[in-house]
Novice: 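My questions will all concern the structure given below.
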Amino acid sequence: MSRREQLGQILRFGLVGAVNTGTFYLLYLLLHPWMPYFAAYTLAFLLSMVGSFFMNTYFTYRTRPTWKKFLLFPLTNVTNYVVQSVGLYALVTWAGLGTRIAPLVAAVVAIPFTYLISRKILVPGTARDEEAEAQPVPAGPAGATGATGATGSADRAGEGGQGGHGGQSGHGGQGGPSRV
């Protein structure tokens, strides 16, 4: 990836992050009067995570959403959730920041962590994938594949630099739907 492409991706991620943070914060403010601040924070976080998945797959990384990515995407948010939760607790409990502004500050601090992890999961061709492709598939009976056979590359089929928008019927070539 060229520097220009990487810069564009970082800028798109920042824009998605801003929209997602605004969505999260609005949800938090709407929920906060009805439940304790930490419950409102958690529910708003989970709801905005779904929107974040779709914005990042389509807009930031320009890849297609798949069930596999959707199911792995919460892993990108585990670090984000931990960083934000610790930040929220520290800001409210130790720094005395108000419960209405502390989640916003904690969310901004977590953005760089989320970028690195989401890119690793949502962008094809990560180091792990490249290593798996470099490994030869063991020979077996005719028509058989090894443990990393057809499914290892099926997740990336048609993703290389393509927007992933047109011509998708909603079913992947292997093992079920390609869209969430």
Side-chain angles (χ1 to χ4, degrees), residues 1-32 37-92 94-95 97-130 155-166 168 178-180:
M1 172 182 286
S2 73
R3 278 193 184 275
R4 185 174 182 204
E5 291 170 329
Q6 190 172 20
L7 180 60
Q9 191 175 78
I10 290 169
L11 291 174
R12 289 189 305 271
F13 183 82
L15 181 60
V16 166
V19 169
N20 190 56
T21 299
T23 302
F24 157 76
Y25 190 56
L26 179 64
L27 289 169
Y28 173 79
L29 291 176
L30 291 172
L31 294 168
H32 187 276
Y37 80 93
F38 208 83
Y41 160 79
T42 301
L43 186 55
F45 186 92
L46 292 172
L47 293 172
S48 66
M49 183 171 57
V50 174
S52 177
F53 170 76
F54 286 106
M55 288 187 290
N56 277 303
T57 54
Y58 283 122
F59 181 68
T60 302
Y61 302 115
R62 298 184 176 165
T63 187
R64 70 185 165 120
T66 64
W67 281 111
K68 179 180 178 182
K69 290 176 186 177
F70 184 75
L71 294 174
L72 289 174
F73 192 72
L75 296 176
T76 70
N77 284 284
V78 167
T79 300
N80 190 6
Y81 185 79
V82 169
V83 170
Q84 284 191 39
S85 297
V86 169
L88 176 66
Y89 183 80
L91 289 168
V92 170
W94 297 328
L97 197 60
T99 60
R100 293 176 60 88
I101 193 70
L104 192 58
V105 174
V108 169
V109 170
I111 289 172
F113 299 99
T114 305
Y115 172 76
L116 294 172
I117 294 168
S118 67
R119 186 173 191 280
K120 181 140 182 97
I121 286 180
L122 297 178
V123 176
T126 61
R128 187 187 77 215
D129 292 339
E130 290 167 1
D155 291 334
R156 292 188 309 272
E159 291 183 18
Q162 305 205 7
H165 295 286
Q168 303 247 346
S178 63
R179 292 182 179 240
V180 176

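For the single chain, residues carry numbers from 1 onward in sequence order. Bear in mind the structure is a predicted one, so any value in this text is a computation, not a measurement.
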Novice: Check A106 against G87 and note the closest heavy-atom contact, atom names and distance.
Specialist: CB-C, 4.1 Å
Novice: Please list, chain by chain and in numerical order, all residues satisfying side chain to side chain donor-acceptor pair (under 3.5 Å) with S48, sequence neighbours excluded.
Specialist: none
Novice: V86: what forms a side-chain contact (heavy atoms from CB on, under 4.5 Å) with it, not counting sequence neighbours?
Specialist: V82
Novice: Could you grab the distance from atom CD1 of I121 to atom OG1 of T57, nearest 0.5 Å is fine?
Specialist: 13.0 Å
Novice: Can you list the residues that meet the side-chain contact (heavy atoms from CB on, under 4.5 Å) rule with V108, with sequence neighbours excluded?
Specialist: none
Novice: Residues two or more places apart in sequence or in another chain: which of them pass side-chain contact (heavy atoms from CB on, under 4.5 Å) with L31?
Specialist: M35, A40, L43, A44
Novice: What is the ring orientation for F13 with Y61, classed by angle as parallel under 30°, tilted 30 to 60°, or perpendicular over 60°?
Specialist: tilted
Novice: Hey, could you give me each pair passing side-chain hydrogen bond (donor to acceptor under 3.5 Å, both in side chains) that has a residue in residues 7-19? Not counting sequence neighbours.
Specialist: Q9-Y115, Q9-R119
Novice: Apply side chain to side chain donor-acceptor pair (under 3.5 Å) to T60 and list each qualifying residue two or more places apart in sequence or on a separate chain.
Specialist: N56
Novice: With sequence neighbours excluded, what pairs up with Y28 under the ring-ring contact (aromatic ring centres under 6.0 Å, His included) test?
Specialist: H32
Novice: Contact between F24 and P103 at the side-chain level, heavy atoms closer than 4.5 Å - yes or no?
Specialist: yes
Novice: Tell me, please, which residues at least two apart from T114 pass side chain to side chain donor-acceptor pair (under 3.5 Å).
Specialist: N80
Novice: Taking all non-hydrogen atoms of both residues, which atom of K69 and which atom of L122 are closest, and how far apart?
Specialist: NZ-O, 3.6 Å
Novice: A110 and V83: which non-hydrogen atoms are nearest, and at how many Å?
Specialist: CB-CG1, 3.7 Å
Novice: Report yes if some heavy atom in the side chain of L104 is under 4.5 Å from a heavy atom in the side chain of T21; otherwise report no.
Specialist: yes
Novice: When you measure from the side chain of Y25 to the backbone of R100, do you find a donor-acceptor pair of N or O atoms at a distance under 3.5 Å?
Specialist: yes
Novice: Sequence neighbours left out, what passes side-chain contact (heavy atoms from CB on, under 4.5 Å) with F38? Give chain and number order.
Specialist: Y41, T42, Y81, S85, L88
Novice: Would you name the heavy atoms of A107 and Q84 that are closest together and state the gap between them?
Specialist: CA-CD, 3.6 Å
Novice: Is any side-chain heavy atom of V92 closer than 4.5 Å to a side-chain heavy atom of Y37?
Specialist: yes
Novice: Can you find a heavy atom in the side chain of F73 that is under 4.5 Å from one in the side chain of T76?
Specialist: yes
Novice: I'd like to know whether CZ of F113 has more than 12 heavy-atom contacts from other residues, nucleotides or ligands below 6.0 angstrom.
Specialist: no
Novice: If we only count heavy atoms from C-beta on, is the P65 to F70 side-chain gap below 4.5 Å?
Specialist: no
Novice: Run F59 and F54 through side chain to side chain contact (heavy atoms under 4.5 Å, CB included) and show every step you take.
Specialist: CA-CA 8 Å; F59 181 68; F54 286 106; over 6 Å; no
